[in-house]
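Structure record follows, encoded as structure tokens.
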Amino acid sequence: MLNTVEAYGRTKLIDPHREPFGKLKGFVPTSLPPPGGKIPYPDIWPVSLHTSEGSKLVIATLVSNILVTSNMRLDAISKPSIGAITLNFKLDKKDALATKIFLDHDNLQVALSMAPDPAVTQTSDTNIVYQLRQIRSKFDADNAYSLCHASDYDHGTLPLSSLFRHMTTIVLRLGVHATLAKATVESCLGQGNLDTQNAFTAIIALYGESNEIPILGNSELSKRLEIVANSLAPSLVATNEYVAKEIALAFQFYD
């Protein structure tokens, strides 16, 4: 059962976080349907991608990839898998050809009503920030702030994660006019490890005599923010462990 997904475009022009998902021993994995032959669902291909980070479960189309970030098995007792790396399911070509996809009827009807409307940019009017994908790079691209994460699991208790939440709110409200205040960055000094503190010092140097710098299109700011984002990885692992336990408990209740 798939609980949470994140949508990614397939081309760089549409989405800077598109495939490839990282080289592995000189080989770039792809989720494109295999050429030739008949597949169960036209132009839809569920498959496990073996990347440099680990195995990722993806439901792919010709224009997008749906990355599964929360799932669990119903046919066996096992811990739910939370995060981009999926350990519960391993779909090779043979498995993918035999895979059946079932959708929740009510959610499907909602999705079908939203799809024809080009003005729709989010799946819900609440928990806006929680609809963002969990990315760690290219914070200068407007596509990085696409609301394509279908879940509301985010504790957001760490000061450094609050910085990204603050930036997201500004970008979603102001778009290309979004700026990051120097005072906001200064309030983060002293937090995180040495690399993170050095990154904040480097960000402050970008301001010069100004008190504001743009967020979108600012590659130098994005490079430093990537260091900060990577420092949050251990806390994200702990959060994912907590979510996995909560999901397991919920299903024990209904067992």
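FYI, side chains are in, hydrogens and waters are out, and symmetry mates aren't considered; it's all heavy atoms of this structure.
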Side chains of [X] and [Y] in contact at under 4.5 Å (non-hydrogen atoms):
| X | Y | answer |
| --- | --- | --- |
| Leu216 | Asp140 | no |
| Asp95 | Phe89 | no |
| Leu2 | Ile59 | yes |
| Leu189 | Thr201 | yes |
| Ile39 | Leu97 | yes |
| Leu172 | Leu147 | yes |
| Leu91 | Trp45 | no |
| Tyr8 | Val58 | no |

Please report the closest heavy-atom contact between [X] and [Y], naming both atoms and the distance.
| X | Y | value |
| --- | --- | --- |
| Ala178 | Val171 | CB-CA, 3.7 Å |
| Tyr145 | Met167 | OH-CE, 3.7 Å |
| Pro40 | Pro42 | O-CD, 3.9 Å |
| Ser55 | Ser48 | OG-CB, 3.7 Å |

Any link between [X] and [Y] through a network of hydrophobic side chains (Ile, Leu, Val, Met, Phe, Trp, Tyr) touching at under 4.5 Å?
| X | Y | result |
| --- | --- | --- |
| Met1 | Val243 | yes |
| Val120 | Val63 | no |
| Leu194 | Val228 | no |
| Leu108 | Ile44 | yes |
| Ile227 | Phe200 | no |

Practice task
Apply side chain to side chain contact (heavy atoms under 4.5 Å, CB included) to the pair Gln109 and Asp106, showing each step before the final yes or no.
Solution key: CA-CA 5 Å; Gln109 295 306 310; Asp106 291 343; 5.6 Å; no
Please round to the nearest 0.5 Å and tell me the distance separating atom [atom1] of [X] and atom [atom2] of [Y].
| X | Y | atom1 | atom2 | result |
| --- | --- | --- | --- | --- |
| Arg73 | Leu87 | CZ | CG | 12.0 Å |
| Ile85 | Lys56 | CD1 | NZ | 5.0 Å |
| Ile204 | Arg224 | CD1 | CZ | 12.0 Å |
| Leu180 | Leu225 | CG | CG | 7.5 Å |
| Ile213 | Asn218 | CD1 | CG | 5.0 Å |

Practice task
Name all residues meeting the side-chain contact (heavy atoms from CB on, under 4.5 Å) criterion together with Ser81; count only those two or more places apart in sequence or in a different chain, and write none if there are none.
Solution key: Asn71, Thr86, Asn88
Exercise for the section: State, without any angle test, whether Thr196 and Asn193 hold a side-chain donor-acceptor pair at a distance under 3.5 Å. Expected result: yes
Handout entry: side-chain hydrogen bond (donor to acceptor under 3.5 Å, both in side chains) contacts in which one or both residues fall within residues 169-185, not counting sequence neighbours
Key = Thr179-Glu212
Donor-acceptor pair, [X] side chain versus [Y] backbone, under 3.5 Å?
| X | Y | result |
| --- | --- | --- |
| Arg10 | Thr61 | yes |
| Ser222 | Phe139 | yes |
| Ser146 | Asn143 | yes |
| Arg133 | Ala7 | yes |
| Gln197 | Gly192 | yes |
| Asn65 | Leu67 | no |

Exercise for the section: Output yes when Glu241 and Lys245 qualify as a salt bridge under the 4.0 Å nitrogen-oxygen rule, no when they do not. Expected result: no
Problem - Side-chain ion pair, Glu226 and Lys223, N-O less than 4.0 Å - result: no
Handout entry: Residue Lys90 excluded, over 12 heavy atoms near NZ under 6.0 Å
Key = yes
